[in-house]
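Below: one structure, written as structure tokens.
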Amino acid sequence: MSDQITDRIAKLEKIRELGVDPYGSRFTDVTANAAIAAAAEKLTIESGQILDAGPETTFRAAGRVTLHRIFGNLMFMTVRDRTGDLQFGLSKKMVTEGWKVAKLLDLGDIVGVEGTLGRTKTGELTLWCTSLTLLSKALRPPPEKFHGLTDVEARYRRRYVDLFANPESRDVFIKRAKIIDYARAVLHRRGFLEVETPVLQPIYGGAAARPFTTHHNTLDMDLFLRISPELYLKRCLVGGLERVYEFSRNFRNEGISPRHNPEFTLLELYQAYGDYHDMMDVCEDFIAGAARDVIGTNKIMFGDQEIDYTTPWPRMKYVDLFAEHVGFPLTDIAKVRQRARELKLEETKMDDAVVVNALFEHHVEPKLVNPTFVIDYPAPICPLTKRDPADPNFALRFELFINRMEIGNAYSELNDPAVQRETFSNQLRGEGDETMAVMDEDYVEALEYGMPPAGGLGIGIDRVVMLLTGSKSIRDVILFPLQRGQGPGT
RNA sequence: GCCUCGCUAGCUCAGUUGGCAGAGCAGCUGACUCUUAAUCAGCGGGUCCAAGGUUCGAGUCCUUGGCGGGGCACCA
């Protein structure tokens with residue numbers, strides 16, 4: 001055990017000897033630091049002045065001590081709450097009872113105070129305390145006051161420390177919550193209903209991904225953690241709920257990267273009687289709106305790259321982007337396969353459409369920096385999408401790209417049960433052993449009852465938060481990202 | 001799974017050619033009633049990720065392993 005912890009335990013015992021509980025309880029009528037600062041803005045306070053106590057000038061406040069400066073019988077401390085930092089002042093004269101406890105305070109302790117506003121000789125807004133209550137003694141020291149906690153592993157494993165030590169980290173998660181609130185507001189305005197569908201699924205579907213498996217003991221039944229809520233949400237359309245959405249935690253048993261976490265959040269929504277054009281409108285409303293209203297600008301830096309969220313966003317055909325950036329039409333399969341061989345792809349194991357899409361990912365996607373809708377995908381890689389009536393080789397699907405990342409994926413939903421049954425049966429080669437085309441007989445039966453034509457959309461919420469907060473890693477926008485070696489089996 | 005970089009005090013980091021383990025912050029003691037990364041004086045603090053190996057001698061070199069970052073593969 002470190003000396004610092006030993007010292008703090010000794011102080012805790014001294015505090016108990018003073019008859020004070022070092023782990024306090026309910027502390028009522030607290031005004032947030034930011035609100036206290038806002039209230040002070042309305043008052044005239046001279047430097048060096050402490051105002052007379054009164055309902056406009058006296059506040060109760062609480063938070064964690066992040067800095068302190070002690071001058072014999074005078075103490076300043078910087079106290080942090082969820083809204084920001086505020087300086088508290090304590091003098092032995094003003095807090096006669098609390099002074100003994102104040103001298104035993106450490107950085108990281110959580111305190112509650114009552115005090116009166118004033119300014120120091122240097123003009124700093126200060127809450128001059130008339131009482132001090134220790135609400136929680138910290139036994140472990142906080143990170144270094146200037147650099148905070150910078151060790152990446154420590155920030156993920158002990159996020160609670162990161163959150164109180166690094167305000168910019170806390171701000172990311174506050175913004176994440178506001179972005180999600182904003183999405184809900186957009187959808188409610190459009191008449192959508194929030195629903196919840198199974199995480200434990202007997203058949204996984206709705207995406208191309210390897211699932212996590214688990215087992216229900218009493219039913220003696222193998223189950224999958226969902227890779228997508230899609231097939232259940234579309235059952236809701238059959239049932240007549242017509243406009244539904246879900247913030248879906250999805251689980252995919254695949255690699256981890258700065259853009260991939262094994263569990264991640266997808267906003268998925270379905271709108272009966274609409275199509276994928278309506279879904280483009282929703283994307284723009286949500287993401288450009290959140291940039292404007294949550295972040296406060298439509299031009300946001302991501303690293304060195306400025307991204308312009310100003311709408312409308314370009315809507316480019318897949319076939320045209322392919323020809324432009326690859327250099328020949330996607331229908332020229334000989335050239336497509338030739339190029340794939342040059343890129344050392346195992347093209348002989350892939351169907352044509354899979355090779356085409358591999359070239360698209362290699363040549364086109366890296367060019368898509370500002371928000372771009374790529375529309376009308378080759379039909380064979382779209383098993384859940386309605387075919388274009390004008391050209392059944394293409395499907396009415398778009399993907400939204402921002403900063404080279406796929407952010408959204410949307411279809412005019414396939415609602416012909418016969419076509420759906422057929423696409424479930426035609427497994428594509430080159431898409432891995434376990435693709436989205438797992439036959440879900442109950443889902444096809446649902447379509448046979450009649451599903452209205454609909455637009456459907458999935459948006460990667462973690463990635464949207466990354467973009468809007470300038471976070472380089474998905475782990476910086478997930479509170480507790482998966483880390484190796486924490487369980488009893490390790 | 002593969003490649004690569006990293007792991008030194010509570011935190012942030014130095015550590016030369018293989019030759020006594022260092023600094024700042026934090027902590028402890030003392031001074032100090034207007035500081036704000038407070039200041040000044042003094043003091044304490046190490047499983048150098050782990051285990052082997054080479055060597056008279058390893059934080060440093062070698063091997064294996066652990067954990068993490070980045071890249072590839074997979075994928076959204």
Side-chain angles (χ1 to χ4, degrees), chain A residues 1-8 10-11 47-50 66-78 85-94 99 106-108 118-126 128 138-158 161-162 165-166 206-210 227-228 248 250-266 268 344-346 361 365 399-401 405-409 431-436 458-464 466 472-476 481 483-486 490:
Chain A
M1 186 180 296
S2 83
D3 290 348
Q4 303 219 26
I5 293 178
T6 311
D7 290 341
R8 283 164 182 254
K11 288 181 184 176
S47 289
Q49 183 186 13
I50 303 177
T66 57
L67 294 169
H68 64 352
R69 301 165 284 281
I70 301 168
F71 304 83
N73 294 319
L74 176 69
M75 179 185 303
F76 293 104
M77 52 191 178
T78 303
D85 292 354
L86 185 67
Q87 176 164 279
F88 294 0
L90 276 87
S91 75
K92 189 177 182 181
K93 280 184 192 166
M94 291 177 70
W99 188 251
D106 285 303
L107 294 182
R119 288 193 187 278
T120 63
K121 288 175 183 172
T122 53
E124 176 84 5
L125 181 67
T126 301
W128 288 98
L139 297 184
R140 294 178 184 272
E144 204 249 3
K145 62 188 179 185
F146 189 58
H147 298 92
L149 188 67
T150 63
D151 180 81
V152 179
E153 182 175 357
R155 288 185 51 230
Y156 298 152
R157 286 195 193 274
R158 289 187 289 183
V161 177
D162 178 47
N166 300 327
R210 263 194 297 169
I227 59 173
S228 159
S248 172
N250 296 337
F251 305 86
R252 298 187 185 174
N253 203 343
E254 282 152 3
I256 295 175
S257 86
R259 291 160 297 284
H260 301 81
N261 196 62
E263 54 181 297
F264 66 103
T265 302
L266 206 60
E268 232 174 78
K344 302 209 175 3
L345 298 173
E346 296 187 22
E361 289 174 1
E365 292 183 5
E399 291 197 357
L400 169 64
F401 285 87
M405 276 194 294
E406 185 191 336
I407 299 300
N409 184 18
E431 287 257 72
D433 296 332
E434 296 150 281
T435 72
M436 68 172 76
I459 295 180
I461 291 296
D462 310 283
R463 289 180 175 183
V464 169
M466 286 171 67
K472 290 285 188 53
S473 171
I474 198 169
R475 278 171 244 121
D476 293 329
Q483 298 279 282
R484 196 190 290 255
Q486 295 177 91
T490 57

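In this structure, A/Asn261 reaches the bases: a heavy-atom distance under 4.0 Å links it to at least one base atom across the strands shown. Using a 4.0 Å heavy-atom cutoff across all strands shown, A/Asn250 reaches no nucleic acid atom at all. At a threshold of 4.0 angstrom between heavy atoms, the contacts of A/Gly48 with the nucleic acid are absent. No contact: A/Lys472 has no heavy atom under 4.0 Å from any strand. Using a 4.0 Å heavy-atom cutoff across all strands shown, A/Thr78 reaches no nucleic acid atom at all. As judged by a 4.0 angstrom heavy-atom cut-off over every strand, A/Pro142 is placed among residues making no nucleic acid contact. Residue-level contact check: A/Lys92 touches neither bases nor backbone, having no heavy atom under 4.0 Å from any strand. No engagement by A/Leu266 is indicated, since no non-hydrogen atom pair under 4.0 Å with the nucleic acid exists. A/Gly460 comes within 4.0 angstrom of no nucleic acid atom, judged by non-hydrogen atoms across all strands.
For A/Asp7, taking side-chain heavy atoms from C-beta onward, the closest of the listed nucleotides B/G27, B/G45, B/G10 is B/G27. Between B/C34, B/G10, B/U35, one nucleotide has an atom nearer to the side chain of A/Thr126 than all others, and that is B/U35. Considering only side-chain atoms of A/Phe264, the nucleotide from B/G69, B/G71, B/A76 that sits closest is B/A76. When distances run from any side-chain atom of A/Leu67 to the nucleotides B/G27, B/G10, B/A37, the shortest one goes to B/A37. Taking the side chain of A/Pro258 as heavy atoms from C-beta on, and the options B/G71, B/C11, B/C34, the nearest nucleotide is B/G71.
Checked by atom type and distance alone, the side chain of A/Asn253 never pairs as donor or acceptor with a backbone atom of A/Arg210 at under 3.5 Å. Checking side-chain atoms of A/Asn73 against main-chain N and O of A/Lys93 turns up no donor-acceptor pair under 3.5 Å. With hydrogens and angles ignored, the 3.5 Å screen pairs no side-chain donor or acceptor of A/Arg463 with any backbone N or O of A/Ile407.
Regarding A/Trp128, its CH2 atom lies at a distance of 8 Å from the C1' atom of B/U33, rounded to whole Å. To the nearest angstrom, C1' of B/C25 lies 13 Å from NE2 of A/His68. Rounded to a whole Å, the CD atom of A/Glu254 is 11 Å from the P atom of B/C74. The CG atom of A/Asn73 sits 11 Å away from the P atom of B/C34 (whole-angstrom rounding). Counting to the nearest Å, the P atom of B/U35 and the CD1 atom of A/Ile50 are 14 Å from each other.
For the side chain to side chain donor-acceptor pair (under 3.5 Å) test, no residue two or more places apart in sequence or in another chain qualifies with A/Arg140. For A/Phe264, the ring pair (Phe, Tyr, Trp, His ring centres under 6.0 Å) test picks out no residue, with sequence neighbours left out.
Look at A/Arg69 and you won't find any side-chain N or O under 4.0 angstrom from OP1 or OP2 of B/U39. For B/G24, neither phosphate oxygen OP1 nor OP2 lies less than 4.0 angstrom from any side-chain nitrogen or oxygen of A/Lys145. A/Arg484 has a side-chain polar atom (N or O) that falls below the 4.0 Å cut-off from OP1 or OP2 of B/G68. Residue A/Arg475 has a polar side-chain atom (N or O) positioned under 4.0 Å from OP1 or OP2 of B/G69. Side-chain nitrogen and oxygen atoms of A/Arg158 include at least one within less than 4.0 Å of the OP1 or OP2 phosphate oxygen of B/C11. One finds a side-chain N or O of A/Thr150 lying less than 4.0 angstrom from the OP1 or OP2 phosphate oxygen of B/U12.
Nucleotides B/U17 and B/U60 are separated by 15 Å at their P atoms, to the nearest Å.
Side-chain atoms of A/Thr120 and base atoms of B/U35 include a donor and an acceptor less than 3.5 Å apart. A donor-acceptor contact under 3.5 Å is not formed by the side chain of A/Glu124 with the base of B/U35. Donor-acceptor pairing under 3.5 Å, judged by distance alone, is present between the side chain of A/Gln4 and the base of B/A26.
Of all heavy-atom pairs between A/Arg475 and A/Ile256, the closest is NH2-CG2, 3.8 Å.
Taking the 5.5 Å centre cut-off and the 30° plane limit, the aromatic side chain of A/Phe76 is classed as stacked on B/U35.
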Worksheet item: Given the rule that a pair is Watson-Crick or G-U wobble with both distances under 3.5 Å, how would you write RNA chain B in dot-bracket, using | for pairs to a different strand?
Response: (((((((..((((.....[..)))).(((((.......))))).....(((((..]....))))))))))))....

